[in-house]
There are 2 protein chains.
Amino acid sequence: MRPTINDVSRLAGVSIKTVSRVLNNEDRVSDATRARVTAAFATLKYRPNMAARTLAGHRSFQIALACDNPSPYYVYEMQSGIRDRCLLDGVRMVAQPYDHDSDRLIDDIESLIDGSGVDGLILTPPATDYPEVLALMARRKVRFVRVSPGTDLDLTASVFIDNVGAAAAMVRHLLALGHRRIGFITGHASYATSAQRLAGYRAALDEAGIAFDPLLVRPGDYDFASGAAATEALLALRLPPTAIFASNDDMAAGALSVAHRRGLSVPAALSIAGFGDDAIARYVWPALTTIRQPTRLLGYTAADLLLAPEFVVKRIDVPFELIRRESTGPARSAG
Amino acid sequence: MRPTINDVSRLAGVSIKTVSRVLNNEDRVSDATRARVTAAFATLKYRPNMAARTLAGHRSFQIALACDNPSPYYVYEMQSGIRDRCLLDGVRMVAQPYDHDSDRLIDDIESLIDGSGVDGLILTPPATDYPEVLALMARRKVRFVRVSPGTDLDLTASVFIDNVGAAAAMVRHLLALGHRRIGFITGHASYATSAQRLAGYRAALDEAGIAFDPLLVRPGDYDFASGAAATEALLALRLPPTAIFASNDDMAAGALSVAHRRGLSVPAALSIAGFGDDAIARYVWPALTTIRQPTRLLGYTAADLLLAPEFVVKRIDVPFELIRRESTGPARSAG
DNA sequence: TTGTACGCGTTATCAT
DNA sequence: ATGATAACGCGTACAA
């Protein structure tokens, strides 16, 4: 049988309450007793029963990551960062993928709260901006942190990068390479980051005194296929762009595949820039210019906020990083 | 307050035991009572307290996926398949990444069993073949299913594809394209699949009467960088291969990046074949020939075995698929 | 077919 | 600083 607190208390010659105190790092325990109990833990290889702790203590030592799924890499990096942080506090992270246009979204999240009895929740877009979700969290009084929220930044604790600034930096980089016609592939309309990145694109063009051309902006939805389709459309223009900025790495990969199929030597003929966690870009094309969105750090920091003993509403702005790889200016029209 | 069984029993006018019976789909309940209880569930929006069920019933309605991490895509696909299957039974999947050369591996798994009190476990390579892990499972009497085990296939329930056959099919494909010098990048030595895939490669060469050349085999460890390094080495040979078969998609991506950096027009000058879940290949290079290892299906099937009420030792062989895309024979020496 | 009473392992209350 | 005892919500012999 697995040892219980009772077994430990008998071995250490104290009451179960004292054992519980040691287990929970409470104060009022003499050093001598604490030592005896700790020793008993070790000799019995005691491991607390989580179900019992949860039932009696109204806490589960679990937090959840509710994550939508445009890019497996994004999810992976986010999960890793959060899990690493949780490990430090002996908390388990449970991953809860969700589908942003599922009509069971609210139900899924509520059943997560009840089912796992999680102590807190980390939300990624676009659920971060759904009023029903925010209402649910308020109603259930669950601690939560939002990653890259698009609205009401001050409403709750949240973590984000400067999407506008990052996109502008990327466009400035392309401009510095000599590009004047820069295509832009947007993200999914449900994501606030899509609009933010587009705003950065426009801001940088304005700075440079380049007129905004709506034809150069094509809709995408953060996946490979939409990136490829948007690229086809851009390259079919009468005056095609010499560079394309895709709003995330997955779509940049799609753009590259099209460029390649068409025999365009990238990046000589076409600069393609991605905006993501750099993981996919690493696989796809060493010469790709990328804004590194530090997904893992975002995850880590979100967990940090959530696990803080004094859980207060805070905003954390995580710095982004512009990664320039070898790439050249426009060589010829990319049509 | 959240409603409890007590509240439900009061509303339905029955005892808590009867409510419990309905909750657990037990037999001896009259249809009328069952209906009343079900109605009470609905009006109260009752959700069972998992901690209490676990504590009293000695089951957690959770299974774990212990997964090592050569390729994020593999992990992602595996998780998705298992989660889909679990949903059907109202079971939660908890993901437990592990590091195959961590010395805390056994401890991690045991704390998973104790901590989450999981009802079952799905193991992926290489822990599937670690004697200490198998001993632990036996000692703790935990249900488990192995994915792609390399040894003792009959020891436990397990799910796999025919790695030898798949690798041979791939090589036959490359041979049919006219290739005679085919490079091979192995997987990590800890994984049994590495040896199996190499065996398939050799078998196909034997069939074709082509002598095995050890120089054409380079070690890799299932990640992008090692695939790139191995490719550099292969292309530096006095007689370089005209085709390269990488033991998974991540390494194939690495191979492609090197070919590209060298200005080789793939696949005109060099055929590169991958062996994986096809996800990375889709991103990297549409013309890549790939063995589709149906990872999601593997996961789904593994969960199927684990969740079956009558849990018996079974082996399930999942079919693989050879995906041929447009690709040409060797055009010139790829050096 | 249905109900009663106890136990699961821990935390919390209120003593001492 | 420490201990006795009552919750926590549900499953399960056992009884009816």
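Reminder, nothing fancy here: chain letters follow the sequence lines and each chain counts from 1.
Side chains of A/Arg315 and A/Ser158: a donor-acceptor N/O pair is absent below 3.5 angstrom, by distance only. Judged by distance alone, the side chains of A/Thr193 and A/Tyr222 do bring a donor and an acceptor atom under 3.5 Å apart.
Residue A/Ser20 places at least one side-chain N or O under 4.0 Å from the OP1 or OP2 atom of C/dT11. Distances shorter than 4.0 Å separate none of the side-chain N or O atoms of B/Thr33 from OP1 or OP2 on C/dT1. For the OP1/OP2 pair of C/dT2 and a distance below 4.0 Å, the side-chain nitrogens and oxygens of B/Ser30 include at least one atom meeting the criterion.
A/Arg10 places its CZ atom 16 Å from the C1' atom of D/dG3, with the value rounded to the nearest Å. D/dG9 atom P lies 9 Å from atom CG of B/Asp7, rounded to whole Å.
Partner A/Tyr191 forms a side-chain hydrogen bond (donor to acceptor under 3.5 Å, both in side chains) with one of A/Asp129, A/Thr128, A/Asp68 and no other, that one being A/Asp68.
Using a 4.0 Å heavy-atom cutoff across all strands shown, A/Asn24 reaches sugar-phosphate atoms only and no base atom.
Counting heavy atoms of neighbouring residues, nucleotides and ligands inside a 6.0 Å radius, atom CZ of B/Arg47 exceeds 12 of them. By the neighbour-count criterion of 12 heavy atoms within 6.0 Å, atom CG of A/Asp101 is densely surrounded, having more than that number from other residues, nucleotides or ligands.
Using a 4.0 Å cut-off between charged nitrogen and carboxylate oxygen, A/Arg139 and A/Glu110 count as a salt-bridge pair.
Within the 4.5 Å cutoff, the side chain of B/His100 has heavy atoms near those of the B/His188 side chain.
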When you compare the protein's N or O atoms with those of nucleotides 13-16 of chain C, which come within less than 3.5 Å of each other, and at what distance?
none

Kindly give the atom pairs (protein nitrogen or oxygen, nucleotide nitrogen or oxygen) under 3.5 Å for nucleotides 6-9 of chain C.
none

